[in-house]
Structures are given as C-alpha cells and as structure tokens.
Amino acid sequence: MFASVLFQVIMNILLLGSGGRECALAWKLSQSSHLHNLWIAPGNAGTAQYGSNVAIPENDFEAIRQLVIDNDINMIVVGPEAPLAAGIVDFFKKEPAISHIGIIGPSEHGAMLESSKDFAKGFMLRNNIPTAGYKTFTIADIPAAHDFIDSMHPPYVLKADGLAQGKGVVICDNADEAKQTLAEMLKNKKFGKASERVVIEEFLRGIELSIFVLTDGVNYLLLPAAKDYKRIGDDDTGLNTGGMGAVSPVNFADEVFMKKVEERILKPTILGIQKENIDYKGFIFFGLMNCNGDPYVIEYNVRLGDPETEAIIPRIENDFVEMFQKTLSGKLHEARIEISEKYAVTVILASGGYPGDYEKGFEINGFEKIKEALIFHAGTKKSDAGSILTNGGRVMAVTALGETLELCREYVYNEIEKIHFQGVYYRKDIGKDLLHFQPLE
Ligand code: AMP
Ligand code: GLY
C-alpha cells in the first residue's frame with residue numbers, strides 16, 4: 001500500500017476542446033487519483049468545475065506549447081479532430097523541449113483516417129476491412145464519375161474527401177441529383193478544399209452504431225458501444241445535426257455481432273495501423289452499419305464521438321489517467337476495461353433554431369435541481385455576474401443511468417423538465433426505437 005502510494009505518478013493534464021465530450025472527459029479525469037492539475041483549452045462553463053479553463057483555441061499550437069512549458073504539463077488529451085488533423089502530435093514530437101509530452105491522439109498520418117475519406121477507404125481496402133464499394137474522383141474525372149453513377153443503383157452516397165464539419169456527406173435519390181451534387185462539390189467547391197476530391201460509394205442498408213477503442217498502436221481496449229441520434233427531429237426526421245442524443249449499450253450489438261466486429265474490423269484496423277507504420281496512441285471511433293447482422297465501416301473518426309462520450313464515459317469504471325498512461329507507454333495489454341452493466345441515455349438540450357440559425361446568450365436555469373442525472377455542458381459560458389448562458393447550438397447533455405433503458409428514459413426526461421432557457425429544444429424519442437428491438441437475423 002505504502003509503496004504504491006509512494007510510486008504513484010501524479011500528472012498535470014491539458015484537455016483540448018470545448019464541447020459536451022470534453023466536459024464528460026474533464027469530469028472523468030477529475031476523479032483520478034493520479035491527477036494533480038487539469039487545464040482545459042478553451043473549455044466551457046461546465047469544464048471549469050473540474051479544472052482551469054484557459055482561453056486558448058485548440059488549434060493554436062504555439063500558445064499550447066507555451067502553456068505546457070509554463071505549467072509543467074505532462075499529458076495532453078485531444079478531444080476534437082481538428083488539432084489532430086493539423087498535426088499537433090507531430091508538432092510536439094519535433095521539438096526537443098516538448099517531445100516527451102504524451103498526447104492522446106494520433107499523428108497527422110493517423111488522423112487521415114478521419115481527415116481524408118479517400119485515405120480511409122484505401123486503408124480499408126488494403127487491410128480487407130468490410131466497407132461500401134467506392135471510387136474517388138476529382139474535377140478532371142467528371143465523365144468517369146458519371147459512368148460510375150450510371151453503373152450503380154440508387155440511392156447514391158457522395159462524400160467530400162476532407163473535413164467538412166460533419167456536413168460533407170450527401171445522399172441522393174436519383175442519378176441526376178447525384179451528378180448535380182457532384183458538380184456542386186467539385187466545380188463550385190461546395191465544401192471548399194474538402195470537396196476537391198469526392199468519394200462516391202454504395203448505399204448500405206441497415207442500422208448504425210458507434211464503436212470505440214482506445215489503442216496504443218498495438219493493443220486496444222474495447223469501450224462501450226453507443227447509438228447516436230443525428231437528425232434534429234423525432235423519429236429521425238429533419239436536418240442532420242452534430243448529434244441529439246445517445247444510448248449505451250446498444251442492444252442489437254449482441255455477442256455474435258460484436259465477435260464479427262472484433263475479427264473483421266477492430267483487429268484488422270489495429271494490424272493495418274502497425275503494417276502501415278502509423279503512429280497512433282488514442283481513440284478510434286468506428287461508425288458502423290449493421291447490415292443483416294454483418295458489420296461494415298461507414299467511417300473512421302480519430303476521437304471519441306459527441307454525444308456518445310456523454311453516454312459511455314459514465315459507464316466506464318476505470319481510472320482514465322491510468323488508462324492513458326498505459327496507452328502512452330505501450331502497455332495497454334496490462335489494462336482491463338471495467339464497464340458498468342447499467343444503461344445510459346443522453347439527451348442534448350439545443351438552442352431553438354439549431355442546426356440552422358439560433359440566438360445565444362440566454363440564461364439557463366434549474367439545472368442545479370437535477371439529482372438523478374449528470375449534466376455535461378456543451379455550448380455554455382459563464383456571464384460576468386456568474387450565471388450560465390447559452391453559447392452554442394448544442395447547449396447541454398443530460399445523462400441518466402439506470403438498470404433498464406426504460407428507467408433511463410424516465411429519469412432523463414423527468415429531469416430535463418427542470419431545466420429552462422429561452423427556446424430550449426430536445427428530442428423526445430432518444431432510445432425509444434431500442435425499447436422493443438428485435439435483433440437482426
Ligand atoms: P459520415 O459523415 O461518413 O458519418 O456520414 C454521415 C451519415 O451518412 C452516416 O452517419 C450515415 O447515416 C450516412 N452514410 C454515410 N455513408 C453511407 C453509406 N455508404 N450508406 C448509407 N448511409 C451512409
Ligand atoms: N456523434 C458523431 C460524431 O461525433 O461524429
């Protein structure tokens with residue numbers, strides 16, 4: 001006992017990001033006995049409860065470097081994809097003064113699994129990982145792209161190659177619409193540089209789920225699965241959003257299905273990372289489609305999902321600092337994931353008008369009355385007078401844990417009633433579709 005206390009490593013940690021995902025990560029990191037100080041850049045009003053917010057944008061590497069040196073920070077946990085895609089890991093590795101700082105997140109090369117759809121598809125092809133058939137086109141190949149569209153069956157899936165804030169995927173019902181969308185992407189640069197290349201792929205029919213692993217590049221820990229609700233309206237209607245709610249576990253991801261996921265997708269992905277010499281110590285998020293019981297990869301992300309994180313982190317019983325230390329030292333095989341059997345349901349409270357235009361700056365009241373749920377702030381800020389104001393489209397994530405999905409839904413929706421701000425909007429059906437789910441054949 002004495003020895004373990006004596007040798008316990010205490011860390012100063014910097015967490016990058018400002019959403020509900022980062023609030024959940026900050027909450028979890030703050031519970032670790034290995035944490036000394038936590039900084040969050042830039043954070044939100046919620047993360048400030050668990051550490052010190054610093055007003056530095058997550059992609060200002062020079063300012064981050066200075067913060068790390070000035071505060072003797074030992075580890076950086078990267079929440080969103082942008083700093084990873086911009087090469088924060090490589091930036092730190094290059095400089096002797098900071099090259100020893102451990103970063104949870106892949107190198108720029110690894111981040112291409114998210115920042116280039118074409119790279120991700122090529123990686124899957126090379127490593128025999130099931131995904132929709134595809135071809136990639138540039139402005140020079142429009143006639144070939146039209147031939148490809150004509151050879152396919154509708155609907156057609158067109159994806160901007162680069163990062164497009166989750167908006168780069170367009171699903172078209174007929175060939176004319178697909179060709180028009182292609183022209184908008186390639187010729188009119190609908191998504192800027194991100195759509196200089198376009199992946200056209202087969203449409204996969206099935207039910208989606210999100211799978212997460214933490215990897216040291218060789219070993220991996222399988223984290224709880226989650227289902228995300230992306231559309232703004234109940235029953236999956238209306239515009240796509242960043243995500244309006246999440247449920248974990250996913251009851252159709254049974255043992256048989258998960259075995260296929262491990263053998264056909266997770267293991268080949270980690271092996272591919274090794275074979276292709278990709279420096280990767282961080283999370284991988286597999287967006288999967290369950291097509292009649294067979295898993296296919298829709299996309300890779302090189303980070304945790306939001307709002308899935310707000311549903312899965314409360315179910316993970318491990319000490320996150322310990323898990324991250326093992327990740328950085330390449331000893332993840334020594335860790336065992338401990339997951340609570342409870343269900344979790346997360347509902348996002350959004351600003352009225354989101355994902356279109358919305359106003360900010362409304363006072364949020366009542367959340368201090370919440371007893372049966374966890375609150376993770378997303379778009380919030382503290383006013384000079386100390387009240388909490390809305391400051392984004394997705395304002396807060398409310399998560400309830402319970403023995404059953406029914407109970408979680410009851411708790412979370414009862415608690416949400418207590419929270420008020422002008423124009424508050426949330427989906428009423430999170431998890432409803434899974435209540436009586438019959439597993440796929
Ligand atoms: P992504 O940005 O790649 O996650 O795509 C956004 C959404 O488009 C996904 O969550 C799916 O709902 C849908 N999607 C993407 N690719 C396909 C596909 N090949 N077949 C069917 N739906 C897809
Ligand atoms: N919830 C989906 C994402 O984080 O991309």
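In each ligand, atom 1 is the first atom listed, and ligand 1 is the first ligand listed. Computed from a prediction, not measured in an experiment: that's the story for all the values here. Values below: all heavy atoms of this structure, side chains included; hydrogens, waters and symmetry mates excluded.
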Phe119 and His109 aromatic centres sub-6.0 Å: yes

State, without any angle test, whether Thr241 and Tyr229 hold a side-chain donor-acceptor pair at a distance under 3.5 Å. no

Just say parallel, tilted or perpendicular for the rings of Phe324 and Phe283, cut-offs at 30° and 60°. perpendicular

Establish, yes or no, whether a centroid distance under 6.0 Å links the rings of Phe137 and Phe148. yes

among protein heavy atoms, the one nearest atom 15 (C) of ligand 1 is Ile298 CG2, 3.4 Å

Need the list: ligand 2 N/O atoms against protein N/O atoms, distance under 3.5 Å, rounded to one decimal.
residue	atom	partner	partner atom	Å
ligand 2	1 (N)	Asp228	OD2	2.9
ligand 2	1 (N)	Asp306	O	3.0
ligand 2	1 (N)	Glu308	OE1	2.7
ligand 2	1 (N)	Glu308	OE2	3.4
ligand 2	4 (O)	Arg303	NH1	3.0
ligand 2	4 (O)	Asp306	N	3.0
ligand 2	5 (O)	Arg303	NH1	3.4
ligand 2	5 (O)	Arg303	NH2	2.9

Determine whether the side chains of Ser210 and Asp228 contain a donor N or O and an acceptor N or O closer than 3.5 Å. no

So, do Ile211 and Leu266 sit near enough that their side-chain heavy atoms are less than 4.5 Å apart? yes

Give me the nearest non-hydrogen protein atom to atom 2 (O) of ligand 1 as residue plus atom name, then the distance to 0.1 Å. Val169 CG2, 3.3 Å

If you take the centroid of each ring, where Trp contributes its six-membered ring, are Phe421 and Phe362 closer together than 6.0 Å? no

Show me which atoms of ligand 1 lie under 4.0 Å from any heavy atom of Glu201. 16 (N), 17 (C), 18 (C), 19 (N)

Within a distance of under 4.0 Å, is there any protein heavy atom near atom 11 (C) of ligand 1? yes

Is it true that Ser116 and Asp161 share a donor-acceptor pair across their side chains at a distance under 3.5 Å? yes

Which residue owns the protein heavy atom closest to atom 9 (C) of ligand 1, what's the atom, and how far is it? Glu208 OE1, 3.5 Å

Does Arg205 approach ligand 1 within less than 4.0 angstrom via side chain, backbone, both or neither, non-hydrogen atoms only? neither

In terms of side-chain heavy atoms, does Glu276 have a donor or acceptor partner in Asn127 at a distance below 3.5 Å? yes

Provide, to 0.1 Å, the distance between atom 3 (O) of ligand 1 and the closest protein heavy atom, together with that atom's residue and name. Lys117 NZ, 3.2 Å

Can you confirm whether the side chains of Glu262 and Tyr220 place a donor and an acceptor under 3.5 Å from each other? yes

Below 3.5 angstrom, do we get any N/O pair linking Leu204 and ligand 1? yes

Short list, please: which atoms of ligand 1 are under 4.0 Å from a heavy atom of Glu299? 1 (P), 2 (O), 3 (O), 4 (O)

Please report the closest heavy-atom contact between Arg427 and Ile232, naming both atoms and the distance. CG-O, 3.3 Å

Between the candidates Ile171, Asp236, Thr131, which shows the shortest non-hydrogen contact distance to atom 13 (C) of ligand 1? Ile171

Specify the protein heavy atom at minimum distance from atom 16 (N) of ligand 1: its residue, its atom name, and the distance to 0.1 Å. Lys159 NZ, 3.0 Å

